[in-house]
Number of protein chains: 2
Amino acid sequence: MNDGRTTSTHETRQRIVRAGIELFRRSGYTGTGMKQIAEAAEAPFGSIYHFFPGGKVQLAEEVIRTSGAVYLDLVAALMTAHEDCVVATADAFTAAAGTLVELDFADPCPIATVALEVASTNEPLRQATSEVFESWVTRLAASYTAGGIPAPLARETATSVIALLEGAFMLARAARSTAPVLAASKAAAAIVRAALAGE
Amino acid sequence: MNDGRTTSTHETRQRIVRAGIELFRRSGYTGTGMKQIAEAAEAPFGSIYHFFPGGKVQLAEEVIRTSGAVYLDLVAALMTAHEDCVVATADAFTAAAGTLVELDFADPCPIATVALEVASTNEPLRQATSEVFESWVTRLAASYTAGGIPAPLARETATSVIALLEGAFMLARAARSTAPVLAASKAAAAIVRAALAGE
DNA sequence: GTCTATATCTTGATAGAC
DNA sequence: GTCTATCAAGATATAGAC
């Protein structure tokens with residue numbers, strides 16, 4: 001892959017995190033084993049504990065924050081695609097429907113399953129998921145403020161839109177159908193439009 | 001507890017299902033053990049396999065369908081509380097915020113965590129969760145139709161409202177705050193209002 | 001740092017006494 | 001039908017050779 005000098009440690013670590021992202025999203029936190037992650041990462045089992053001495057919790061926390069940051073960029077990119085934030089919001093949902101099919105209804109949100117699993121059972125991970133959601137809401141709210149929605153209302157609107165997206169993913173995955181996400185697209189537009197009209 | 005004649009099998013079985021409902025909602029499917037369920041139900045371990053020869057999957061399926069039916073009645077009750085379905089919808093969300101606090105942010109939706117866990121990993125359970133969501137949407141859509149929203153749009157609206165509720169629960173549990181559900185209350189009203197206005 | 005072998009615990013499930 | 005003991009397989013985590 002490269003000249004052989006710079007390989008090593010860094011790349012192995014990265015493969016482990018990437019494998020964690022994929023497996024946690026598909027099978028959740030308790031449903032994914034450390035051996036399974038090592039195998040998917042093509043890394044020796046011991047390497048996981050070399051890079052993550054804190055074990056499964058430490059690995060999961062990094063997975064949550066890493067994939068959260070990736071999604072943050074995605075939110076930013078989608079919202080700057082159109083001037084009109086009603087259109088941008090609706091388009092983001094229809095694009096998500098496409099992603100859902102591409103992934104064969106594996107979770108398009110990398111932290112949703114884990115977030116529900118740990119909410120009442122693992123305090124440090126609960127906090128990590130909370131901060132990730134918070135970062136998404138803050139970023140989306142900034143787009144809505146720029147689009148003309150007053151600040152406090154923009155935050156409420158962003159919260160509702162993120163919630164709607166997560167819930168639509170849940171129904172869509174259960175039904176193996178994009179219909180809920182497409183219905184949510186229109187609903188999201190209605191939410192933002194109402195906020196623009198001053199509630 | 002009673003005269004000693006009518007105790008036995010039926011009640012033990014019921015305690016097992018009830019314990020399953022509570023534990024699956026809190027810790028999810030893979031995060032809950034059969035021994036844990038037996039202990040919580042104050043039932044001997046072997047009784048679980050006596051009543052549920054299909055093991056964990058069979059028990060989980062019954063838990064999903066049972067709690068789904070309970071929630072179906074709840075949806076029906078909430079929507080008949082007010083004539084105006086915009087108000088009824090918004091009130092249902094604010095009531096949910098109260099439930100969330102009462103449960104100390106344990107999942108108010110008994111099947112959400114399980115639904116995400118099994119969506120890509122367990123086909124019979126995925127189908128069970130799908131049918132439960134479907135029943136909720138159908139019931140809620142009927143209320144919206146009665147409230148004056150034309151049938152096909154009523155179904156889309158109901159789907160979006162249920163999705164919004166599930167997503168709001170997710171954010172609220174992660175943040176340990178009712179704010180997302182309260183924000184969603186206003187958003188849900190906006191969705192229904194838009195549908196009433198003919199989209 | 002890489003990798004293997006293993007310790008320890010818990011899981012879902014079963015057998016069989018009562 | 002109730003209950004206990006136990007199985008085999010899985011989990012997380014560690015020890016130690018290389």
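By convention in this document, chain letters (A, B, ...) are assigned in the order of the sequence lines, proteins followed by strands, and residues within each chain are numbered from 1.
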May I have the distance from [X] (atom [atom1]) to [N] (atom [atom2]), rounded to whole angstrom?
X: B/R15; N: D/dG1; atom1: CZ; atom2: P; value: 15 Å
X: B/I48; N: D/dT2; atom1: CD1; atom2: P; value: 12 Å
X: B/L59; N: C/dT11; atom1: CG; atom2: C1'; value: 15 Å
X: A/I16; N: C/dC3; atom1: CD1; atom2: P; value: 11 Å
X: B/N122; N: C/dG12; atom1: CG; atom2: P; value: 13 Å
X: B/E39; N: C/dT10; atom1: CD; atom2: P; value: 12 Å

Intermediate values then yes/no, salt bridge (Lys or Arg N to Asp or Glu O under 4.0 Å), A/E22 and A/R18: CA-CA 6 Å; A/E22 203 152 325; A/R18 270 202 258 266; over 6 Å; no
Set of salt bridge (charged side-chain N to carboxylate O under 4.0 Å, His left out) partners for A/D73, sequence neighbours left out: none
Letter per nucleotide, 5' to 3', of nucleotides 11-18 of chain D [B base touched, S only sugar-phosphate touched, - untouched; heavy atoms, 4.0 Å]: -BBB----
B/T113-A/E117 side chain donor-acceptor pair, cut-off 3.5 Å: no
Value rounded to 0.5 Å, distance of CZ in B/R193 from OG1 in B/T157: 13.0 Å
4.5 Å side-chain heavy-atom contact, A/T145 and A/P150: no
Test: B/K56 cationic atom under 6.0 Å from B/Y29 six-membered ring centre, within 45° of axis: yes
B/T12 side chain near D/dT2 phosphate (N/O to OP1/OP2, under 4.0 Å): yes
